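Numbered from 1 within each chain, the chains take letters A, B, ... in sequence-line order. In this text the structure is predicted, and so the values were computed from the model without any measurement.
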2 protein chains.
Amino acid sequence: MLKKTDKRKVSKSTISRLFVYLREVSKLANLNIRTISSAELAERVNLGAAQIRKDLGYFGHFGVSGSGYDIKELERALKRILEKNKNCRVAIVGCGNLGTALISYGGFQKQGVEIAAAFDTDPKKIGKKYGGIPVQPLDKMPGAIKAKKITIGIITVPAQNAREAVDCLVDSGIKCILNFAPVGLMVPEDVTVKDVDLSREIETLSYFVDNNVVG
Amino acid sequence: MLKKTDKRKVSKSTISRLFVYLREVSKLANLNIRTISSAELAERVNLGAAQIRKDLGYFGHFGVSGSGYDIKELERALKRILEKNKNCRVAIVGCGNLGTALISYGGFQKQGVEIAAAFDTDPKKIGKKYGGIPVQPLDKMPGAIKAKKITIGIITVPAQNAREAVDCLVDSGIKCILNFAPVGLMVPEDVTVKDVDLSREIETLSYFVDNNVVG
DNA sequence: AATGTTTCGTGATTTATTTCACGATAAAAT
DNA sequence: ATTTTATCGTGAAATAAATCACGAAACATT
Ligand SMILES: NC(=O)c1ccc[n+]([C@@H]2O[C@H](COP(=O)([O-])OP(=O)(O)OC[C@H]3O[C@@H](n4cnc5c(N)ncnc54)[C@H](O)[C@@H]3O)[C@@H](O)[C@H]2O)c1
Ligand SMILES: NC(=O)c1ccc[n+]([C@@H]2O[C@H](COP(=O)([O-])OP(=O)(O)OC[C@H]3O[C@@H](n4cnc5c(N)ncnc54)[C@H](O)[C@@H]3O)[C@@H](O)[C@H]2O)c1
């Protein structure tokens, strides 16, 4: 296992891929398959075999030369690396089209992601429930975030309100934000923002369609 | 301007950032600001100034030494590079939580992205309309895609139905797919798939929260 | 007109990420 | 027991992307 100080040497993309491996390996475990080679796993997740071996290599030796990886063992190892025992709790800020779609999505639970609170400024929405989660006003945020041990904020408010949403999350002690609003957000050094810009994804794809270039 | 054959030298990330620059520059144009330096623009979009200059450099000389970029001119140039005059039409496959959120989203229009058709297999959904778009069965897809000149397919069906959705899109002539289902999709060589894996984004973020490492 | 200041454009450099390639190892076969 | 085969783990090489740094160009000031 990697020492704490070495963790920053493992790239974000590696970690992100480990979740893909875990997902696939869990699927295989349910099918009662015993072992898998890096090449077979690579095929299933559309990645290179060397990539998989290298990614795993940062954390230890999980495979057996000649026969590949024991699926149960690999699953256990990945769960340990990714701390998938520990649930992660998130708050949704902005209960519109997208926010409510996320709240209503059943798939997060299975991945250990719990939507633990939802916020909105619209008085007509406050008090409503989506997927059992009541919509609260912003001034309840600091308390709720602490009480529910929420560590991630998800911003699904219109771009022009994103500033307010971020400030409120940061003031509530949140250090990690997933932002769907199409604006660059300025945050303190110790806060991480990951942007998901869906319009941009589509536009970028469309550029490559029109130019017949595989991106 | 870059020759057609050179386009594959421009990275996907560069193209993706150009859309960000365009968005910001359009905003500035509306505020009647005349010029901006790469450093100021960089600040606004949370990127490096050199990055911006380099990205633009692939396509021509748009700036003026000493005074920066003329905003109107840069906006025009970016629109030309990105062919933002040409609208891009997409089809949504799977009108559940996420699919309908996308259909109902007003922001795509502004970015020149038109949702031109929607499909589902659920008989209860077929015929319904979301944001004015009627939900059609899968067997109408090839015809609708050709008739509406749709070039991008968006997959918002459950993972276990993604295979069917992809096959149907590919058979309808689609070469570019944005996939929200958390599965690796096998497609022919000439088809591009961009995955948007929201669970994975959250999980990856959460890993870095817990480990106090800024990703 | 000369001088100082700003900012671009871009080759060179650095950093990050992926892929290659092969020795080592373990299982299977003879 | 030896050979063959499969497959890992990983340093080295290749590729891709971001950042630096500086000459040249344009503007501003005196
Ligand atoms: N819906 C989509 O498919 C989609 C696609 C791409 C991008 N986005 C982006 O995601 C964000 C949300 O989109 P949407 O379609 O759900 O918008 P929406 O208008 O349907 O919902 C926004 C919600 O945020 C609430 N809100 C406004 N200011 C707030 C604040 N300061 N604090 C808390 N809540 C606040 C509003 O009351 C509303 O309920 C937008 O930034 C949008 O650009 C959405
Ligand atoms: N909703 C979210 O916030 C969210 C978050 C992360 C990932 N996702 C992923 O996005 C996808 C959609 O999620 P959702 O919550 O909207 O699911 P959903 O169950 O609400 O909707 C899925 C829709 O697809 C339709 N469908 C099923 N098979 C189909 C087929 N072969 N062709 C056309 N339509 C078909 C269903 O009838 C249903 O209307 C899933 O793969 C999910 O894992 C969703």
Side-chain angles (χ1 to χ4, degrees), chain A residues 1-2 6-18 20-21 25 28 33-71 73-74 77-78 81 184 195 204 208 213-215, chain B residues 1-2 6-21 25 28 33-71 73-74 77-78 81 184 204 208 213-215:
Chain A
M1 182 66 168
L2 221 60
D6 290 342
K7 279 205 179 157
R8 63 186 61 241
K9 295 216 156 184
V10 179
S11 81
K12 197 177 154 161
S13 355
T14 290
I15 297 297
S16 183
R17 281 189 300 266
L18 292 182
V20 177
Y21 308 153
V25 159
L28 293 166
I33 295 169
R34 291 274 178 82
T35 64
I36 193 165
S37 67
S38 58
E40 290 170 302
L41 183 54
E43 168 101 58
R44 289 178 158 268
V45 297
N46 288 324
L47 289 166
Q51 177 99 86
I52 293 180
R53 293 200 303 275
K54 185 147 268 249
D55 285 341
L56 295 173
Y58 291 115
F59 297 93
H61 301 197
F62 308 112
V64 179
S65 293
S67 60
Y69 298 88
D70 179 278
I71 287 189
E73 219 169 276
L74 184 55
L78 285 168
I81 295 165
D195 293 307
T204 305
F208 286 98
V213 182
V214 178
Chain B
M1 180 66 168
L2 219 60
D6 290 342
K7 279 202 180 161
R8 62 186 61 241
K9 295 216 157 187
V10 179
S11 82
K12 197 176 152 161
S13 357
T14 291
I15 297 297
S16 183
R17 282 190 298 267
L18 292 181
F19 284 100
V20 176
Y21 307 153
V25 159
L28 294 166
I33 296 169
R34 291 277 178 80
T35 64
I36 193 166
S37 67
S38 57
E40 289 171 302
L41 183 53
E43 169 102 55
R44 288 178 158 267
V45 296
N46 288 324
L47 289 165
Q51 177 99 84
I52 294 180
R53 295 200 301 276
K54 185 148 264 253
D55 284 341
L56 294 173
Y58 290 115
F59 297 94
H61 302 198
F62 308 112
V64 178
S65 294
S67 60
Y69 297 89
D70 180 278
I71 286 187
E73 219 169 276
L74 183 55
L78 286 168
I81 295 165
T204 305
F208 287 98
V213 181
V214 177

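If you check D:dC8, D:dA12, C:dT17 against the side chain of A:Lys54, the one that comes closest is D:dA12. Checked against C:dA26, C:dC8, C:dT18, the side chain of A:Ser65 finds its nearest nucleotide in C:dA26.
An OP1 or OP2 oxygen of D:dA25 is reached within less than 4.0 angstrom by no side-chain nitrogen or oxygen of B:His61. Within the structure, every side-chain polar atom (N or O) of B:Ser11 is placed at least 4.0 Å from both OP1 and OP2 of D:dA16. OP1 or OP2 of D:dC8 sits under 4.0 Å from a side-chain N or O of A:Arg53. Look at A:Tyr58 and you won't find any side-chain N or O under 4.0 angstrom from OP1 or OP2 of C:dT17. Under 4.0 angstrom from either OP1 or OP2 of D:dA26 there lies no side-chain N or O belonging to B:Tyr69. Taking 4.0 angstrom as the limit, B:Arg17 places none of its side-chain polar atoms (N or O) nearer than this to OP1 or OP2 of D:dA17. Within the structure, every side-chain polar atom (N or O) of A:Ser38 is placed at least 4.0 Å from both OP1 and OP2 of D:dT7.
Atom OG1 of B:Thr204 and atom CD1 of A:Ile15 lie 8.0 Å apart (nearest 0.5 Å).
Atoms CG (A:Asp70) and C1' (C:dA27) sit 15 Å apart, rounded to a whole Å. Atom-to-atom, CD1 of A:Ile71 to P of D:dT7 comes out at 13 Å; the value is rounded to the nearest Å. Between the CG atom of A:Leu56 and the C1' atom of C:dT19 there is a distance of 16 Å, rounded to whole Å. Rounding to whole angstrom units, CD1 of residue A:Ile15 and P of C:dT17 are separated by 12 Å. For the pair A:Leu41 CG and D:dT7 P, the interatomic distance rounds to 13 Å; values are reported in whole Å. At whole-Å resolution of the value, CG in B:Asp55 and C1' in D:dC20 are 15 Å apart. Between the C1' atom of D:dA13 and the CD atom of A:Gln51 lies a distance of 16 Å, rounded to the nearest Å. At whole-Å resolution of the value, NZ in B:Lys12 and C1' in D:dT15 are 18 Å apart.
Nucleic acid contact class of B:Gly48 (heavy atoms, under 4.0 Å, all strands): none.
Here the shortest heavy-atom pairing between A:Leu56 and A:Phe62 reads O-CE1, 3.6 Å. Heavy atoms only, all atoms of each residue included: A:Ile33 and A:Ile71 are closest at O-CD1, 3.6 Å. The two residues B:Ser37 and B:Tyr69 have their closest heavy-atom pair at C-CD1, 4.5 Å. Nearest approach of B:Ala42 to B:Ala49, heavy atoms of both residues: CB-N, 3.6 Å.
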